[in-house]
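The shown structure was predicted, so the numbers you read here are calculated from the model rather than taken from an experiment.
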Amino acid sequence: MTMQRIGGIAALACAVTYIFGFVLLVTVFADSGFGTNTIDAAGIVRFTVENQALMITWNTVIYVVNSLALAVLVVALASRLKAKSPDWGTMTLAFGLIWTTLVLGAGMIGNVTTETMAALAPDDFETAVLTWEVLHAVELGLGGGNEIAGGVWILCVSIAGLLHRALGKIVIGLGLLTGLGGLLTILPPLGEVAGAVFGLGAIAWFIAVGLSLLLKRDAVA
């Protein structure tokens, strides 16, 4: 199996992790305001203590599994782009690995936070809530609350694909939209909307990229 085909499978795996995350976000976590600015910290701590296995699974899928699949995809796309432009290929590799590292770090912190809440909450609930707020802020800073690193990578891949005809029109169009959405998450008034654009756009982009690599096509038209 070629690296391009492996990269295609990795892209589809990334899409699956995003879909998994969105499904839980709008169902299981909907009442707590998880993923919004109105999140109920005390409610999340209670939920975390009562549902440790689910929280560990959530963090592992959306962060750890995603980052490992993402690393493979980053390498596959960099290899594809280097054949057209070594400089662009190297640049996308650098930005992609930065994002991969941040996502993996966020997942590790998320899982440690879950374990910490389980230990603290039964004896000192207020301290557990304060601790969760601090650790959650770190997690968001790395990979959950803004999408700057991911936006830059997807944008660079899309621009390189456009300039050197290394990717198809649909992949490039979705990538430009998704990348811009990621960059706009830095603006507080647009954070939630831009985050939704990035997340949903990334699902479509990962699927388009995956199909392109698996079908060995330079374009998904």
Side-chain angles (χ1 to χ4, degrees), residues 4 7-8 10-15 17-18 21-22 35 62-110 137-210 212-213 220:
Q4 293 300 292
L12 296 180
C14 286
T17 63
Y18 270 56
F22 267 110
I62 69 169
Y63 289 133
V64 179
V65 174
N66 176 268
S67 67
L68 297 178
L70 185 60
V72 175
L73 177 60
V74 167
V75 172
L77 285 176
S79 175
R80 187 185 186 95
L81 292 171
K82 280 182 179 180
K84 303 284 186 177
S85 172
D87 290 339
W88 275 100
T90 300
M91 184 165 63
T92 62
L93 178 64
F95 283 130
L97 292 180
I98 289 173
W99 187 29
T100 299
T101 302
L102 292 175
V103 174
L104 181 60
M108 292 179 175
I109 289 175
V138 176
E139 176 190 330
L140 292 180
L142 286 176
N146 67 76
E147 301 293 353
I148 306 302
V152 169
W153 176 65
I154 293 177
L155 200 58
C156 282
V157 169
S158 302
I159 292 173
L162 178 63
L163 293 176
H164 301 285
R165 298 182 180 180
L167 299 169
K169 293 179 181 178
I170 292 178
V171 172
I172 292 171
L174 288 171
L176 292 174
L177 176 63
T178 303
L180 288 174
L183 294 183
L184 289 177
T185 59
I186 197 173
L187 303 176
L190 301 176
E192 289 187 24
V193 174
V197 170
F198 177 85
L200 294 173
I203 292 173
W205 186 76
F206 282 133
I207 292 173
V209 170
S212 177
L213 295 179
V220 174

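Between the side chain of Gln4 and the main chain of Ala76, a donor-acceptor pair closer than 3.5 Å is present. The main-chain N or O of Cys14 is found under 3.5 Å from a side-chain atom of Thr17 such that the two form a donor-acceptor pair. Judged by distance alone, the side chain of Ser79 and the main-chain N or O of Val75 form no donor-acceptor pair under 3.5 Å. No donor-acceptor pair under 3.5 Å is formed between the side chain of Ser212 and the backbone N or O of Ala208.
Summarising the geometry, atom CE belonging to Met108 is positioned 13.5 Å from atom OH belonging to Tyr63; distances are rounded to the nearest 0.5 Å. Atom CG in Leu163 sits 5.5 Å away from atom CH2 in Trp88 (nearest 0.5 Å). In this structure, CG in Leu155 is found 12.0 Å from OG1 in Thr92, a value given to the nearest 0.5 Å. Atom CD1 of Ile203 sits about 5.0 Å away from atom CZ of Phe22, to the nearest 0.5 Å. Considering CG of Leu187 and CG of Asn146, their distance stands at 11.0 Å, rounded to 0.5 Å. Expressed to the nearest 0.5 Å, how far CG of Leu77 lies from NZ of Lys82 amounts to 12.0 Å.
Counting only heavy atoms from C-beta outward, the side chains of Glu147 and Leu184 never approach each other to under 4.5 Å. With a 4.5 Å cut-off on side-chain heavy atoms, Val64 and Leu104 count as touching.
What you find for Tyr18 and Ala202 is that their closest heavy atoms are CE2-CB, 3.6 Å. The two residues His164 and Ser85 have their closest heavy-atom pair at NE2-CB, 3.4 Å. Counting all heavy atoms, side chain and backbone alike, Leu93 lies closest to Ala78 at CB-CB, 3.8 Å. When all heavy atoms are compared, the tightest approach of Ala166 to Lys84 is CB-CG, 3.8 Å. Here the closest heavy-atom approach between residue Leu102 and residue Leu142 is recorded as CB-O, 3.3 Å. Here the shortest heavy-atom pairing between Ala69 and Ala13 reads CB-CB, 4.0 Å.
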- Run the numbers on Phe198 and Ile154 for side-chain contact (heavy atoms from CB on, under 4.5 Å), then give the verdict. CA-CA 10 Å; Phe198 177 85; Ile154 293 177; 4.0 Å; yes

- Start with the C-alpha distance between Ile159 and Leu176, add both sets of side-chain angles, then the distance that settles side-chain contact (heavy atoms from CB on, under 4.5 Å), and finish with yes or no. CA-CA 8 Å; Ile159 292 173; Leu176 292 174; 4.1 Å; yes

- Test side-chain contact (heavy atoms from CB on, under 4.5 Å) on Leu12 and Phe206 and set out the steps. CA-CA 6 Å; Leu12 296 180; Phe206 282 133; over 6 Å; no

- side-chain contact (heavy atoms from CB on, under 4.5 Å) evaluation trace for Ile170 with Leu174: CA-CA 6 Å; Ile170 292 178; Leu174 288 171; 3.7 Å; yes

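In terms of the ring-ring contact (aromatic ring centres under 6.0 Å, His included) criterion, residue partners of Trp205 (sequence neighbours excluded) are, by chain and number, Trp153. With sequence neighbours left out, the side-chain hydrogen bond (donor to acceptor under 3.5 Å, both in side chains) criterion links Thr185 to no other residue.
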